[in-house]
Every structure is written in C-alpha cells, then in structure tokens.
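What follows is one structure encoded as structure tokens, with my remarks underneath.
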Amino acid sequence: MRAILQRVSEATVRVDGKVVGQCGPGLMILVCAMQGDTEANADLLAAKVSKCRIFEDEAGKMNRSVLDIGGSALVVSQFTLAADTSRGNRPGFSSAAAPEDGRRLYEHFARALADLGVPVQTGQFAADMKVSLVNDGPITIWMEF
C-alpha cells in the first residue's frame, strides 16, 4: 500500500458539495492499494502512520505522533498514487489494485487506524471528491508497504 501523509491544521473532503469527512489538527492521508496488497499491508501501514513522529514537541523537534498529540485523521482513497510515468505522457495505473480490492483495503486501513486509537473520518471511495486542507509546516511524508 502507498500513502501520502500530510500534517494538517484542518482538512475537509466534499462530495456533491456536502462534507463527507473532515479532521482538525492531525493527518490528511491519501491511500492507494496496489496489486498484491493484503490486510497485513494495511495493518502495517496503519501501525506505522499512528506512530510516525512528525508533530513538534515542547522543544520544537518533530518527536510526537498523531496519537501523542490527540490528533485525528482524514483518510481519502487515491488510486492515482499508483501512477506509472516511466513511458509517454499519460500515466498508467495498471499496478493499482482492482476496485473491489482497493475499496476493501482502503476501508480496512481506516478501521485499523481507528482501532489503534486515532479518530478517523473518510472520503467516499471512487467518488469525485473535492479535498481542501491546510498543510502545517508544510510536512508531507510518502510511505509504502
């Protein structure tokens, strides 16, 4: 699985003009399931995300996790993280998981993160979403498992 973590002050996702998910201080997480990924990959990613120390401590060092700060997460599916741009000008997405597997693993990841104690809201799988966020830092981290 691939993910982009963004440390945010706030983030919101809308579908058809209606807010379907949001978070306050914490993480905006874009997630993509790849071919061959399993629930074990999703669990590993959730564990790593929950403990990733990208929030500042009292000394101004990135030494605290989303759990440490009592933050929340907005998890949004984004199959375009599977983009292959090695040939031509049009990205290929054949390495992304099939839609039914992608949905299952995306939902599993969100549940696993919540089970670890991070309050989670989500976007809507396969919808045309409008995402807005305030990247705090900016801090953006790429992960793959």
Side-chain angles (χ1 to χ4, degrees), residues 1-56 62-145:
M1 293 191 74
R2 291 183 180 168
I4 300 288
L5 282 61
Q6 293 179 295
R7 187 176 81 181
V8 298
S9 301
E10 60 185 59
T12 305
V13 63
R14 290 178 173 78
V15 175
D16 296 328
K18 296 179 184 172
V19 173
V20 297
Q22 60 189 357
C23 74
L27 296 171
M28 167 69 196
I29 307 167
L30 303 172
V31 179
C32 178
M34 306 295 288
Q35 286 185 12
D37 281 344
T38 65
E39 285 82 1
N41 296 107
D43 291 339
L44 180 59
L45 180 61
K48 190 74 168 177
V49 166
S50 72
K51 296 174 188 169
C52 187
R53 299 185 312 176
I54 60 172
F55 295 90
E56 293 179 356
M62 288 197 309
N63 204 25
R64 300 177 81 195
S65 70
V66 68
L67 288 169
D68 295 332
I69 68 157
S72 57
L74 178 58
V75 179
V76 175
S77 63
Q78 185 161 357
F79 83 95
T80 60
L81 292 179
D84 176 0
T85 59
S86 63
R87 297 184 315 184
N89 294 317
R90 183 176 178 182
F93 302 103
S94 60
S95 61
E100 57 276 1
D101 292 330
R103 177 188 301 269
R104 178 177 50 81
L105 292 168
Y106 159 71
E107 291 172 354
H108 184 92
F109 168 78
R111 279 191 308 274
L113 189 60
D115 289 347
L116 291 168
V118 178
V120 172
Q121 291 195 19
T122 64
Q124 185 177 326
F125 188 85
D128 180 15
M129 296 177 277
K130 306 300 182 210
V131 179
S132 59
L133 61 101
V134 177
N135 192 320
D136 180 16
I139 305 293
T140 302
I141 307 289
W142 179 81
M143 290 186 177
E144 182 172 22
F145 292 98

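FYI, side chains are in, hydrogens and waters are out, and symmetry mates aren't considered; it's all heavy atoms of this structure.
Ile4 contributes atom CD1, which lies 10.0 Å from atom CD of Glu144 (distance to the nearest 0.5 angstrom). Rounding to the nearest 0.5 Å gives a distance of 11.5 Å between OG1 of Thr85 and CZ of Arg87. Here Cys52 contributes atom SG and Leu67 contributes atom CG; the two are 11.0 Å apart, rounded to the nearest 0.5 Å. A distance of 6.0 Å separates CD1 of Ile141 from CE of Met62, quoted to the nearest 0.5 Å. Atom CE of Met143 sits about 5.0 Å away from atom CG of Leu5, to the nearest 0.5 Å. In this structure, the separation between CG on Asp68 and CG on Asn63 is 8.0 Å, given to the nearest 0.5 Å.
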Problem - Residue pair Asp84, Ser94: steps toward the side-chain contact (heavy atoms from CB on, under 4.5 Å) verdict - result: CA-CA 8 Å; Asp84 176 0; Ser94 60; 6.0 Å; no
Handout entry: Full working for side-chain contact (heavy atoms from CB on, under 4.5 Å) between Asn41 and Met34
Key = CA-CA 10 Å; Asn41 296 107; Met34 306 295 288; over 6 Å; no
What pairs of donor and acceptor atoms, side-chain ones from residues 9-20 against any protein atom, are under 3.5 angstrom apart with sequence neighbours left out?
none

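Among Leu27, Ile29, Leu113, the one residue that satisfies the side chain to side chain contact (heavy atoms under 4.5 Å, CB included) test with Val120 is Leu113.
Applying the side-chain hydrogen bond (donor to acceptor under 3.5 Å, both in side chains) test to every pair with at least one member in residues 105-126, sequence neighbours left out, gives these pairs: Asp43-His108.
A side-chain donor from one of Thr140 and Asn135 sits under 3.5 Å from a side-chain acceptor of the other.
When atom types are taken as modelled, the side chain of Arg7 and the backbone of Asp136 share a donor-acceptor pair closer than 3.5 angstrom. Side-chain atoms of Arg2 come within 3.5 Å of backbone atoms of Leu81 as a donor-acceptor pair (strictly under, hydrogens ignored).
In this view, Phe93 and Phe79 satisfy the ring pair (Phe, Tyr, Trp, His ring centres under 6.0 Å) rule, not counting sequence neighbours.
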